[in-house]
Structures are given as structure tokens and as C-alpha cells.
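Just below is one structure, and these are the notes that go with it.
Note: hydrogens, waters and symmetry copies are ignored here, and every other heavy atom, side chains too, is used. Everything numeric here is computed off the predicted structure, so don't read it as measured data.
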Number of protein chains: 2
Amino acid sequence: MSRRSGILEFAVLGLLREAPMHGYELRKRLNTSLGVFRAFSYGSLYPCLKSLVANGWLIEEPGSSPEDARAASLAGRRAKIVYRLTAEGKEHFEELLAHTGPDAWEDEHFAARFAFFGQTSRDVRMRVLEGRRSRLEERLEKMRASLARTRERLDDYTLELQRHGMESVEREVRWLNELIESERAGRDKRPGPDQ
Amino acid sequence: MSRRSGILEFAVLGLLREAPMHGYELRKRLNTSLGVFRAFSYGSLYPCLKSLVANGWLIEEPGSSPEDARAASLAGRRAKIVYRLTAEGKEHFEELLAHTGPDAWEDEHFAARFAFFGQTSRDVRMRVLEGRRSRLEERLEKMRASLARTRERLDDYTLELQRHGMESVEREVRWLNELIESERAGRDKRPGPDQ
DNA sequence: TTCGTCATGTAATGGGTTACATGATTAC
DNA sequence: GTAATCATGTAACCCATTACATGACGAA
């Protein structure tokens, strides 16, 4: 239930796989370190953490630093809550990582997937990369078609906007080509899906 | 009330300023012709149109084609509804166009603003363009700072993702520089905010 | 006559934000 | 002692999508 789902859930799981953390720290890493995700608010993060706990993917632990211990010892006080990935949570994340369906090549999903490529097996990486590329190529086709149909009716600014948009997409395709090429060449720093 | 607001409202007003249209056609232009906006669904478009009518920015007109007339003549039949911008609506859109506050340089807002630059006065265009540029430069600063702080702890893929992200932003800054330059140079095809 | 596409709408749901409320800890 | 920032949470709202429901019209 209450699947506060998708990217946030995925990203939280992925970050906690590297190390246990509390909510506040998690949010900072979400917003800055990875640089990928949009700035999630506490209003979405904390409820998401609660639902992950309810699902059994995460457990809450009291903070381990001395102040936390002191704070916790005082009855009724609220201490820092450190979240740790459970075995089930790890397994679940592994499953999410293995999905290579069409959603995985959408903009935000793709960025999230890429951010955890270090924990992904090479064949999955290839499928995601190639899926993303074909997704972009479709998009490019549509843009070209619609541009051909309407070029005359558009003013200079609209035209410039479309041109710039297409150029950006084309650039990403070239970037993907390089990545795919280097995956093929086998420059594969990390062995497999695990460790 | 019920301000189904922001980009969709703005875009609808902008498109209707060029010519009256019915909902279905409006959606197609939103999704393809302008190429800028994400694909809005009818579930958001139609309620938005209703609320714009309720605000007095739009009026509903019966379709003008022969079939529409026939359809309308049969009591109780639902005919195509053509939406036309009212004088108040035009004025309202004009006001929206004149706002150059910080929201106007956010990603989606900026794209929407740019799409209607043809109907915008040069000084407003300059403010929006320059605002957007400084917004991106701030973002770049943050990315550089966070990268400098965390470089060692990041794996190759995360690093590559950040590098590519920054490069994209840098490219957009260069693009803006060119646009600003050409605005300064006065290559100004369209006279002013009106006609 | 049936299929595609044009055309308009609504109810339920989703996935997030804002604003608010609370309180501990650190640095000055 | 007071200000900033760390830290956790909730309720109200927002803006959109999905799935559904309806029906006209043109072409095969």
C-alpha cells in the first residue's frame, strides 16, 4: 500500500544500500551529491521512509553517536533515526535494478538508473543504455516530422527553440553512443550486480 | 478559484491569442507544434479551459463549419466548442508576459516564455534571457562545489553523469549568450508586444 | 457496419510541494 | 541567550495523469 513510489523510493533504496543514513542526510545527498534528482522535500521524503519501513525494506535504528544515546535515554525524547536496508530491501532493490522495461528509458527514471550503474550488471546496463537511445531516436523522428510539417507557420523564436531542443537530444544520443561503445569494449570496472 | 495554473494556463492563453481553437486541436499544438511542453492530457486540458472561461479570459463559441452548425441545430447535441480569447483574457496574458520574476527562469516556465517571445517586447525578452542565464550560472556553481567536495567518493558512472549534466548546462549558457548578443545587436524581427 | 480518429468530458488516484509545528544541538 | 542549522514530522493543497464514459463522423 501507499507506494510513494517511483524515483524517490528507488533512490532512497539505492543510497541506503551504500550506507545507513538518517532522513536529513539522505535528503542532502538526494539533492546535491547525486546531482541527478530534483530537490525532494521532507514532505515527501519522510512519508516515503515510513512506507518503506512498513514494507519491510528498511528498519529504523537509533542513532549511534553519543548525543543520540543520551537523547534516547531520556524517556519520550525523539532521537535521530538511522535507516538501514534490510535483506528484503536489498533483494527488492536488486529486482528494481533488473527491470529494463520501457519506463526505464524515460528521462527521470533513466537518470536514476544511471546513477546506480555502479551496482548494475553489464548486460542490464547495455539494455538500459540502448533502450534510452532508441527512445531518443523515436523522439527525434517525431520532432523532425512535426518541424517539417509546420516550419513555415512558425516565428523565429519558436523555430530556434525547436532547433536547440533537437540539438540537445542529438547530443545525448552521441553521448549514449560513446557509453555503449565503451561498455562493448569491456572497460568494466565493477564485476557484477553484487559486490 | 481553481486556478489549474501555471504553464498550461499560460500556454493555452498564448496559443489562443494567435487563433481561436477547440480543445482537441489545442492539445495537438501543445504536444507537437510547439514541441516545448510536455504532453498534457485531456484530463487537465478541459478542466483548465472551463476555469479560464469561468475567469472570463475565454468564451466558448459554437464551431463555424457546416457540420457544426447542423449538429448544433439538433437540440441537445454536443457540438465542437471553439474557444476565443476575450479582451480581458488578452490583457491578462499581456500581464503574464510582462512578469519577469524568478519563476520565469525555471526550466519549464522559461521554455513556455521563450515559446511566446514573438509576442514579447525586447526589454522583457532581455530580462528573461539574462535571468535564465544567471539562474543557470548559480546552478553551475553549486554543481562545481558539490563535485569538488565529493569527487573521491563517487564511482565512474556517477562522475560521468555529473560531468554530462554540467556540460549540458554550460551549453545552454553559451546558447543564451548568443541569443542575448543577437538581441543586443538589435536583430529584432517583431516590433513590440502588440501586433 | 465497423473501425479509426475526432471530440468532450469526469472521478479516482498519484506523486509531489508548501506551510506549519516541534524540538535538539552548535557556534557566537 | 540567541541565532543558525540540524532533525522529524503532518495536513492541506496542487497539478497533473489514468481510466473510464460518451458520442459524432468519415472511410473501408
Side-chain angles (χ1 to χ4, degrees), chain A residues 1-12 21-31 37-53 58 60-83 103 106 108-109 112, chain B residues 1-12 21-31 37-53 58 60-83 103 106 108-109 112:
Chain A
M1 300 309 97
S2 110
R3 272 220 108 104
R4 321 215 148 268
S5 101
I7 284 157
L8 180 51
E9 179 178 311
F10 180 76
V12 165
M21 260 178 280
H22 57 267
Y24 192 88
E25 197 181 345
L26 212 35
R27 181 181 184 248
K28 278 203 299 196
R29 299 213 46 199
L30 238 22
N31 295 340
F37 310 109
R38 61 171 167 308
F40 291 101
S41 65
Y42 297 122
S44 36
L45 179 58
Y46 285 115
C48 170
L49 286 168
K50 292 298 175 192
S51 99
L52 290 173
V53 169
L58 260 44
E60 300 180 346
E61 291 179 346
S64 55
S65 60
E67 330 83 63
D68 295 331
R70 240 188 302 113
S73 75
L74 302 171
R77 296 277 185 201
R78 185 168 52 174
K80 267 202 287 197
I81 299 172
V82 174
Y83 291 91
D103 349 352
E106 289 312 317
E108 284 198 304
H109 259 75
Chain B
M1 301 305 103
S2 110
R3 273 219 107 104
R4 323 215 147 268
S5 96
I7 286 159
L8 180 52
E9 179 177 311
F10 180 76
V12 164
M21 259 177 282
H22 57 267
Y24 191 89
E25 196 180 346
L26 212 34
R27 182 182 182 244
K28 277 203 300 196
R29 297 213 47 196
L30 238 22
N31 296 340
F37 310 109
R38 62 169 166 307
F40 291 101
S41 64
Y42 297 122
S44 34
L45 178 57
Y46 285 115
C48 171
L49 286 168
K50 292 297 174 191
S51 100
L52 290 173
V53 169
L58 260 43
E60 300 180 346
E61 291 181 343
S64 55
S65 60
E67 328 85 61
D68 295 331
R70 240 189 300 116
S73 74
L74 302 171
R77 296 276 182 198
R78 184 167 55 177
K80 269 203 287 197
I81 300 172
V82 173
Y83 291 92
D103 350 351
E106 292 310 319
E108 284 198 305
H109 260 76

Output yes when at least one side-chain N/O atom of [X] is less than 4.0 Å from OP1 or OP2 of [N], else no.
X: B:Ser41; N: D:dA16; answer: no
X: A:Lys50; N: D:dG9; answer: yes
X: A:Tyr42; N: D:dT8; answer: no
X: A:Ser44; N: C:dT17; answer: yes

Interatomic distance where [atom1] belongs to [X] and [atom2] belongs to [N] [whole Å]:
X: A:Leu49; N: D:dT10; atom1: CG; atom2: P; result: 12 Å
X: B:Ile81; N: C:dG9; atom1: CD1; atom2: C1'; result: 9 Å
X: A:His109; N: C:dG15; atom1: NE2; atom2: C1'; result: 12 Å
X: A:His22; N: D:dT8; atom1: NE2; atom2: C1'; result: 10 Å
X: B:Glu25; N: C:dT5; atom1: CD; atom2: P; result: 17 Å
X: B:Lys80; N: D:dT22; atom1: NZ; atom2: P; result: 23 Å
X: A:Tyr46; N: C:dA19; atom1: OH; atom2: C1'; result: 16 Å
X: A:Ile7; N: C:dG16; atom1: CD1; atom2: P; result: 7 Å

What's the spacing between A:Ser41 OG and A:Leu8 CG if we round to 0.5 Å? 9.0 Å

Measure the spacing between CZ of A:Phe40 and OH of A:Tyr46 and express it to the nearest 0.5 Å. 15.0 Å

Closest nucleotide among [options] to the [X] side chain:
X: B:Leu8; options: D:dA16, D:dT8, C:dT10; value: D:dA16
X: A:Tyr24; options: C:dA7, D:dT10, D:dA7; value: D:dA7
X: A:Phe40; options: C:dG9, D:dT8, C:dT17; value: C:dT17

B:Lys50 meets the salt bridge (charged side-chain N to carboxylate O under 4.0 Å, His left out) criterion, sequence neighbours left out, with B:Glu60

Given DNA chain C, 5'-ward residue of the pair B:Glu60 and B:Lys28, judged by closest heavy atom: B:Lys28

Could you report the tightest heavy-atom contact between A:Asp103 and A:His109, atom names first, then the distance? O-CB, 3.2 Å

Passes side chain to side chain contact (heavy atoms under 4.5 Å, CB included), B:Leu49 versus B:Ile81? Steps please. CA-CA 11 Å; B:Leu49 286 168; B:Ile81 300 172; over 6 Å; no

